[in-house]
4 protein chains.
Amino acid sequence: MTNRSYICTVILLIMAKGEETRQFIIEKAAPIFNTKGIAATSMSDIMEATKLSKGSMYVHFENKDVLACAAVEHNMKLLSDRLQRVLSGRKTAEEQLLAYIDFFSDPNHPPVVGGCPLLNFGMEADDTNPIVKEKVNRAIKQGQELLTGIIEKGIANKEFRADWSPSDFATVLFAMLEGGHLMSRMSGNNDRMEVIGDSLKKMIGENKV
Amino acid sequence: MTNRSYICTVILLIMAKGEETRQFIIEKAAPIFNTKGIAATSMSDIMEATKLSKGSMYVHFENKDVLACAAVEHNMKLLSDRLQRVLSGRKTAEEQLLAYIDFFSDPNHPPVVGGCPLLNFGMEADDTNPIVKEKVNRAIKQGQELLTGIIEKGIANKEFRADWSPSDFATVLFAMLEGGHLMSRMSGNNDRMEVIGDSLKKMIGENKV
Amino acid sequence: MTNRSYICTVILLIMAKGEETRQFIIEKAAPIFNTKGIAATSMSDIMEATKLSKGSMYVHFENKDVLACAAVEHNMKLLSDRLQRVLSGRKTAEEQLLAYIDFFSDPNHPPVVGGCPLLNFGMEADDTNPIVKEKVNRAIKQGQELLTGIIEKGIANKEFRADWSPSDFATVLFAMLEGGHLMSRMSGNNDRMEVIGDSLKKMIGENKV
Amino acid sequence: MTNRSYICTVILLIMAKGEETRQFIIEKAAPIFNTKGIAATSMSDIMEATKLSKGSMYVHFENKDVLACAAVEHNMKLLSDRLQRVLSGRKTAEEQLLAYIDFFSDPNHPPVVGGCPLLNFGMEADDTNPIVKEKVNRAIKQGQELLTGIIEKGIANKEFRADWSPSDFATVLFAMLEGGHLMSRMSGNNDRMEVIGDSLKKMIGENKV
DNA sequence: TATGAATGAGCCTTCATTCAT
DNA sequence: TATGAATGAAGGCTCATTCAT
């Protein structure tokens, strides 16, 4: 190993250390923020969860807001990644839509600890935190685009009727799942979510070729 | 006026005064809690809004939780009352359903300051505050019953098809409006809510006799 | 005692309580700020000195800056009051000037704990705290006016020569005492201050009629 | 070059590098300490000014106190050197005294960034930092000796009257300049300093042979 | 020598709550 | 009922300093 490459390795390792810790903190913090909310989560909560010192948090995050934002993004990415993994196992558009619905079908045991981060952070941030609000907005748009794309693909593949509006159904599906999430989490059971899933599946069935 | 009856009057006035103040505090506090959230609202915020002294709050409310609960209920009642007033002006079931949808059609200028209290408090409380969570749950159930009742009435009146499931559509309608509320508040415009309103109205149309 | 006057008394007492505590805090805080400096004095230092709780400080002072300003003013007023008391015992202008000089003649046992607040706070604030800086500036101006007035009175009374410039000598006297204060506090003895006192007295003597 | 001498050279270079960095840090730190004060200056401030890492500071300075002391000395040496340079251009004692006064005549644009370090550090240190206090004390003494020497030289050269007390006037001059420095920095203009300069020059004139 | 991650004590401030009046 | 002074725990954050690399 040359001297120069050695130095580079050292530099990379040093950089990696910081980034690693940062990532570690985010991973520990994300479920707490998603469960308790941003305002109700204290830096001490994160301290306890990470077993790191208070000062250490501020080495990696300028302040609580920055950490909270990172946690918001992590939660949304986690949800998105898990969803993508599920969808990637399905071939047809119909299968993907059904998988999408099933993915969100159990709000009391949600894919991400604490429940839907869009709902959680969106409702907390809407009147108080424009940065988080915009993050949620973007994530919703991406979700819409994903769904729209699936339906368009289904229409192109002659799975679905050509006169079905992809973007409108994407909106309806998304809204119903979020609304069902709220209802089921409040009641503690998934009765309402089942009704919603069935309704959505029926709508899909009605638009099959 | 006898001495005794005089004393009673005074006591009643004092009690009345107390109840009045209590109500006054709730009315001032409700929009703050609904906008900022329970955790992020401090007793000082309420103090400032009411121009009352710190100690005075604790004369009327045992602690912040009790006040927060009262504010939650007030917000939900406000929403319910305003909705009822709108519905009471409509005669047919169809008119009432359409009015219901229109009532929630502008999430960026919502019927209650801060947006839908069910969504706001529900999402904050779901993992942290069982009492508020149960209040929201009950309010959702009442909303469902209201909608179910309207549809049942419509079926009885031969407005709607007899094979339409009142409770299922109540769930779908409710969920879609809540989901649309989230989407529209995040984007800052009502585009998605319009799509949802149109979809719901189309569903209703399809079930007219 | 009428009911109304009773209420007024109660109100006054209540108001007095707060003001009393506020004054108490200032009195305890003033020597600490003057000794350690504003930046180096912590709210905990004041807590300890007053035996009051940390929260209690913030009932009476919005923040540390406000308390520090109050302490600065208290120190300057204390100095001014004590000086006035000394001067008020002297009749002629010459006696007053000599008393003024003597008043400041022992910087290692200064009239106000911590030394001259003008020097202490002025030097700390000059580049960092415009509010305190202006307070010191005004106090210096008042000191100058006091001295100028004494000399003018002496000229009017034919104690001093008419061609003596009151404001110029006020400046010279003030500057020499402040400079002497610095020198003597650094050396720990009053040697330099004695030289300065003698020089000033000689100058006064040279301008006697 | 032998192996040993090579190693020695490397060590020397490293030491030289170290000393260079140390000096670099002091130069960047000095104006900050002199402007904000020791207590209000953080190691982070120095870090930012030097663009060096936190750990690097502690390679060159055991702790903040050591760095602060070095900065104090640097500020005093800077002042002294600049003064010496000015004085060295003057031949007669009178010229030197006048140059000395002029050197300090504009406290709002002082020879050293942040104003007179004797006043700044002296007032901060007097009750809290004996080491810095002693440094300031020594610097004052040196200043006094410098002035005394100039006057003695002037007397020896028959520029000044033999009955003029060199050390007394050195004290008076020094004190007046420091006092004027305070007054002018507080007011933001040099009015008072001009009065003081004129007074001093008049005194010098009165003692010319 | 130089780096920057890690530490924990301490900073200023706000919080919900209590209490004497 | 109403006041606001008093409390102390907890909040977010900065500090000087250490240490492995």
Side-chain angles (χ1 to χ4, degrees), chain A residues 7 9-11 13-15 17-22 39-47 52-65 67, chain B residues 11 13-22 39 41-47 52-65 67, chain C residues 9-11 13-15 17-22 39 41-47 52-65 67, chain D residues 11 13-22 39 41-47 52-65 67:
Chain A
I7 289 169
T9 305
V10 167
I11 289 172
L13 283 173
I14 288 168
M15 286 180 62
K17 183 70 196 306
E19 191 47 45
E20 202 180 286
T21 307
R22 192 186 144 90
T41 298
S42 73
M43 292 303 271
S44 298
D45 290 335
I46 313 300
M47 244 181 86
L52 283 168
S53 70
K54 187 156 272 192
S56 192
M57 325 257 39
Y58 285 88
V59 171
H60 300 285
F61 300 93
E62 208 178 326
N63 54 43
K64 183 187 162 180
D65 272 352
L67 172 52
Chain B
I11 288 173
L13 282 172
I14 288 169
M15 283 180 64
K17 180 71 196 309
E19 189 49 42
E20 202 179 286
T21 306
R22 190 186 145 89
T41 298
S42 71
M43 292 301 271
S44 298
D45 291 335
I46 312 302
M47 248 182 78
L52 284 170
S53 72
K54 190 146 265 189
S56 190
M57 323 260 32
Y58 284 88
V59 169
H60 298 284
F61 300 93
E62 203 181 330
N63 55 40
K64 183 185 162 181
D65 274 351
L67 172 52
Chain C
T9 305
V10 167
I11 288 172
L13 283 172
I14 288 169
M15 285 182 64
K17 182 68 197 307
E19 191 48 44
E20 200 180 286
T21 307
R22 191 186 145 91
T41 298
S42 73
M43 292 302 271
S44 298
D45 291 335
I46 312 301
M47 240 181 88
L52 283 169
S53 71
K54 187 155 272 189
S56 190
M57 324 257 40
Y58 285 88
V59 171
H60 299 285
F61 300 93
E62 206 179 326
N63 55 42
K64 184 186 161 180
D65 272 352
L67 171 53
Chain D
I11 289 172
L13 282 172
I14 288 169
M15 284 179 64
K17 179 71 196 311
E19 189 49 43
E20 203 180 284
T21 306
R22 191 186 145 89
T41 297
S42 72
M43 293 300 270
S44 297
D45 290 335
I46 312 302
M47 249 182 76
L52 283 169
S53 72
K54 190 145 266 188
S56 190
M57 323 260 31
Y58 284 87
V59 170
H60 298 285
F61 300 93
E62 203 181 330
N63 55 41
K64 182 184 163 181
D65 273 352
L67 172 53

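Since the model is a prediction, treat every value here as computed from it, not as a measurement. Heavy-atom basis, side chains included; hydrogens, waters and symmetry copies ignored. Lettering of chains follows the sequences in order, A, B, ..., and the numbering in each one begins at 1.
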Subject >> Most 5' of C:Ser44 and B:Asp45 on DNA chain E, judged by nearest nucleotide >> reply: C:Ser44
**OP:** Mind calculating the distance between CZ (D:Arg22) and P (E:dA2) to the nearest angstrom?
**Re:** 13 Å
Original post:
Side-chain N or O of B:Thr21 less than 4.0 angstrom from OP1 or OP2 on F:dA2?
Top reply: yes
Subject >> Distance in Å, A:Lys64 NZ paired with A:Ile46 CD1, rounded so as to fall on 0.5 Å steps >> reply: 8.5 Å
Original post:
Rounded to the Å, how far apart are D:Ile46 CD1 and F:dC15 P?
Top reply: 11 Å
Original post:
Contact class for D:Lys54 (heavy atom, under 4.0 Å): base, sugar-phosphate, or nothing?
Top reply: base
**OP:** May I ask you to decide if B:Met43's main-chain N or O and B:Lys54's side chain share a donor-acceptor pair within less than 3.5 Å?
**Re:** no
**OP:** Look up atom CZ in D:Phe61 and atom CG in D:Leu67, then write down how far apart they are to the nearest 0.5 Å.
**Re:** 5.0 Å
**OP:** Consider the side chain of C:Tyr58, meaning its heavy atoms from C-beta on, and name the nucleotide among E:dT13, F:dG4, F:dC13 that approaches it most closely.
**Re:** E:dT13
**OP:** Send over the distance from D:Leu52 CG to F:dA16 P, rounded to a whole Å.
**Re:** 16 Å
Original post:
In whole angstrom, what separates B:Lys64's NZ from F:dA9's P?
Top reply: 19 Å
Subject >> Options F:dA6, E:dA2, F:dT3, nucleotide nearest the side-chain atoms of C:Val59 >> reply: F:dA6
Original post:
For C:Ser42, which contact category applies under a 4.0 Å heavy-atom criterion: base, sugar-phosphate, or nothing?
Top reply: sugar-phosphate
Subject >> Nearest-Å distance for atom pair CE/P, residues B:Met47 and E:dT17 >> reply: 14 Å
**OP:** Would you check if C:Thr21 and C:Val59 make a side-chain contact, meaning some heavy-atom pair closer than 4.5 Å?
**Re:** no
**OP:** Output the single nucleotide from E:dT7, F:dA2, E:dT3 whose closest atom is nearest the side chain of D:Ser56.
**Re:** E:dT3
Original post:
What is the base-pairing partner of F:dA20, counting Watson-Crick and G-U wobble geometry with both distances under 3.5 Å?
Top reply: E:dT3
Subject >> Distance, rounded to the nearest Å, where A:Met57 contributes CE and E:dG4 contributes P >> reply: 20 Å
**OP:** Could you tell me the separation between the CG atom of C:Leu67 and the P atom of E:dC12, rounded to a whole number of Å?
**Re:** 10 Å
Original post:
Rounded to the nearest Å, what distance is computed from the CG atom of residue D:Asn63 to the C1' atom of nucleotide F:dC15?
Top reply: 13 Å
Original post:
Measuring from B:Met57:CE to B:Glu62:CD, what's the distance to the nearest 0.5 Å?
Top reply: 14.0 Å
Original post:
Between A:Met43 and B:His60, which is nearer to the 5' end of DNA chain F once each is assigned its nearest nucleotide?
Top reply: B:His60
Original post:
Considering Watson-Crick and G-U wobble pairs with both distances under 3.5 Å, what does E:dC15 pair with?
Top reply: F:dG8
Original post:
Which residue, A:Gly55 or D:Asp65, contacts DNA chain F at a nucleotide closer to its 5' end, judged by nearest heavy atom?
Top reply: A:Gly55
